[in-house]
Number of protein chains: 2
Amino acid sequence: MTTIQDVARAAGVSAMTVSNVINGHPNVRPATKERVMAAMTRLDYRVNVAARNLRKGRTGTIGLAVPEIDRPYYGRLAAAIIAAAARHGLRVAVEQTGAVRENELEALSLSRNRLYDGLILSTVGLGPADVDRLKVDHPLVILGERIFGGPVDHVAMPNVDGARAATRHLIDRGCRRIALVCGPRTGETDVSGLRRTGYTQALEEAGLPLDPDLVRTVDRLTMAAGARAARALASDDPGVDGVFCVTDTVAMGVLRGLADAGARVPDDVKVIGFDDVEESAYLVPSLSTIDPDHDLMAARAVDLLAARIDRPEQPLEREEFVSPYRVVARESTATGATGSRADRRP
Amino acid sequence: MTTIQDVARAAGVSAMTVSNVINGHPNVRPATKERVMAAMTRLDYRVNVAARNLRKGRTGTIGLAVPEIDRPYYGRLAAAIIAAAARHGLRVAVEQTGAVRENELEALSLSRNRLYDGLILSTVGLGPADVDRLKVDHPLVILGERIFGGPVDHVAMPNVDGARAATRHLIDRGCRRIALVCGPRTGETDVSGLRRTGYTQALEEAGLPLDPDLVRTVDRLTMAAGARAARALASDDPGVDGVFCVTDTVAMGVLRGLADAGARVPDDVKVIGFDDVEESAYLVPSLSTIDPDHDLMAARAVDLLAARIDRPEQPLEREEFVSPYRVVARESTATGATGSRADRRP
DNA sequence: TTGTATGCGTTATCAA
DNA sequence: TTGATAACGCATACAA
């Protein structure tokens, strides 16, 4: 393994000069620079990143902790975050927490161990009771849900407003008996709780009653659970004509479950999701949804983190960014003639 | 920032003893150990991973380079690899190459820089001409395709056999005019090329002609491209009654495109994919496909890499593991009555 | 059972 | 424009 010293010896200069060449510092005579470069090539020199990290007190890597990288929403988010981080010269190590509280805390402690320069934590398992655990002295950005009054930077989804818009969209399209498929309520600040609030608000605003029988809670926000919920909904037959699903993944399962039960979408039942995962545009029927602008969220999260990394002296005010959103109307909430061509990307 | 020295001072021992406690070495008197642990807690000591890495010559992190993490297939693979790596005590940094050759080479060089202890490279852009670039002296596992005679370890998909089985499945279900939707042919060893070979073999075995008009090449293996190909196929109308798509992602697009064109699946056209992405079971109609056992592939790739990391003295024989596969028959290739319930996970 | 001394490879400081 | 020196924090021989 050739070190900077070997190169220095071979080029007849000091290690310092080699270092200066590597890091593109000025004040190196062109001739010297060339000699050093030649030596590096000849010896096939590679920097030792571990040594550089130790010296600089930086690792150049940030952590990204998500429940599961193979869920479309987190995949999309991760892709955007990795791309944004690359623009800052940062690499991204992905941790999977399985949405388990302990694992989320574990990810926090890895970051505390200076394994990462900072951490983007997409928390699902932590509740308001854990707010104290987030008072850490290293760069941390919470992503995806709003922790009210939390002492940390966070980039949040427009959960309440987006859910309200989604529900209103169903109402606008003529639905009156609108079901909600959501995850278990673990507090006021989790995704399901917030989106449920938006759903409730929209019903109230429209003067529609809130029927508890139409609120279906699934244990996990998966396609399998969504399909089960939809089949149950169809067999209980409470006269549903619209379904708001808290995530597109659940909505995909719901579409499948409704098909199993023989319900036609959108003729019998209209369905809308939340997230605008790539798949949604290509389903049959294509899925209406709320698009929270993932790329913008990812960019903000990384920018925020990078800023904290660059200026460790903590300005006390924490930043909160709530992404804008838009309603994406597709076939699953179409009125009139069905079979219209999908809203799709080119 | 408290170091091991600070802890040593506070506990009245040497740094060595603290190190022994941290690493769980024997030969530390319980009383001493307790004193050290107390000091660590009191001072909120955290190991400096960078220093440890430099000392040990290991980073504890492996790289995973994939085209795009938000494509379902790579998401699934990444999830399995991260989980498998965690079992080895390794973290995973994800690089996105966008299937671009230069970026794949870049990932290789990051690993060479000892940023990672090893690299799992899911290459799409590298061709046989680049085989020399893979002759590296650090742990490397190529994932997902077979590089014949390549000088590296690789874990491969059962590309040819799986594709043949998929095509035969369509033939068994009565298809005679079977289209292929695949990516551009960049050589004999890329995914599209290999699966195309399997397709050709199955046709030959069944005595069916190979009609060039039925082979549709798309520039990228995305849903959008699949949808376009399907619409083109339908409007050209070469009398297709079956479609084998080289990936499930493309197949999702094809299903969408066929729906746009008014073709019914499976009544008019049967469709089968390759990969068994989670979404496939929940589409309407659910998608028949080839399941290559992702978890097994991921585990083998990580095991192989971990073994190379642990024993850097290179045994010259390189390992090649080809995953087993199974045909998953779902609605998209069903015969007779449609609307049968999907094969789905519980 | 514990401590001392040394070096991993790099870069910042400061002097030449 | 270049170089000598000294850390960064940890873990390993080896000594006690």
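Chain A is the first sequence line, chain B the second, and so forth, proteins listed ahead of strands; every chain is numbered from 1. In this text, all values refer to a predicted model and were calculated from it rather than measured experimentally.
For A/Thr32, whose side chain is taken as the heavy atoms from C-beta onward, the closest listed nucleotide among C/dT2, D/dT2, D/dG3 is D/dT2. Distance from the side chain of A/Ser19 is smallest for C/dT11 among the nucleotides C/dT4, D/dC10, C/dT11. For B/Asn48, taking side-chain heavy atoms from C-beta onward, the closest of the listed nucleotides D/dA11, D/dT2, D/dG9 is D/dG9. Distances from the side chain of B/Asn27 to the nucleotides D/dA11, C/dG9, C/dT2 place C/dT2 closest. In the set D/dG9, C/dG3, C/dT2, the nucleotide with an atom closest to the side chain of B/Val13 is C/dG3.
OP1 or OP2 of C/dT1 has not a single side-chain nitrogen or oxygen of B/Thr17 nearer than 4.0 Å. OP1 or OP2 of C/dG3 lies within a sub-4.0 Å distance of a side-chain N or O belonging to B/Ser14.
Side chain of A/Asn103 to backbone of A/Thr97: a donor-acceptor contact under 3.5 angstrom is found. In this structure, B/Asp275 contributes its side chain and B/Tyr73 its backbone to no donor-acceptor pair below 3.5 Å.
Each of A/Ile4 and B/Gly12 has a nearest nucleotide on DNA chain C; the 5'-most of these lies closest to B/Gly12. Closest-nucleotide positions on DNA chain C for B/Val28 and A/Ala15 were compared, and the one nearer the 5' end corresponds to B/Val28.
Residues B/Ser323 and B/Asp293 come closest through the heavy atom pair OG-CB, 3.8 Å. B/Ile62 and B/Ala85 make their closest contact through CD1-CB, 4.2 Å (heavy atoms, listed as atom of the first residue, atom of the second, distance). Smallest separation of non-hydrogen atoms from B/Arg52 and B/Val47: NH2-CG1, 3.4 Å.
The CG atom of A/Asn20 sits 10 Å away from the P atom of D/dG3 (whole-angstrom rounding). Taking atom CE of residue B/Met16 and atom C1' of nucleotide C/dT2, one finds them 9 Å apart after rounding to whole Å. Rounded to an integer number of Å, the gap from A/Met1 CE to C/dG7 P is 15 Å. We find that CD of B/Gln5 is positioned 12 Å from P of C/dA5, with the value rounded to whole Å. For B/Lys56 and D/dA13, the NZ to C1' distance is 16 Å, given to the nearest whole Å. The nearest whole Å value for the distance from the OH atom in A/Tyr45 to the P atom in C/dT11 is 6 Å. Atom C1' of nucleotide D/dA11 and atom CD1 of B/Ile22 are separated by 10 Å, given to the nearest angstrom. For the pair A/Arg52 CZ and C/dC8 C1', the interatomic distance rounds to 16 Å; values are reported in whole Å.
Below the 3.5 angstrom threshold, one finds no donor paired with an acceptor across the side chain of A/Arg55 and the base of C/dA12.
Across all strands, A/Asn23 comes closer than 4.0 Å only to sugar-phosphate atoms, never to a base (heavy-atom distances).
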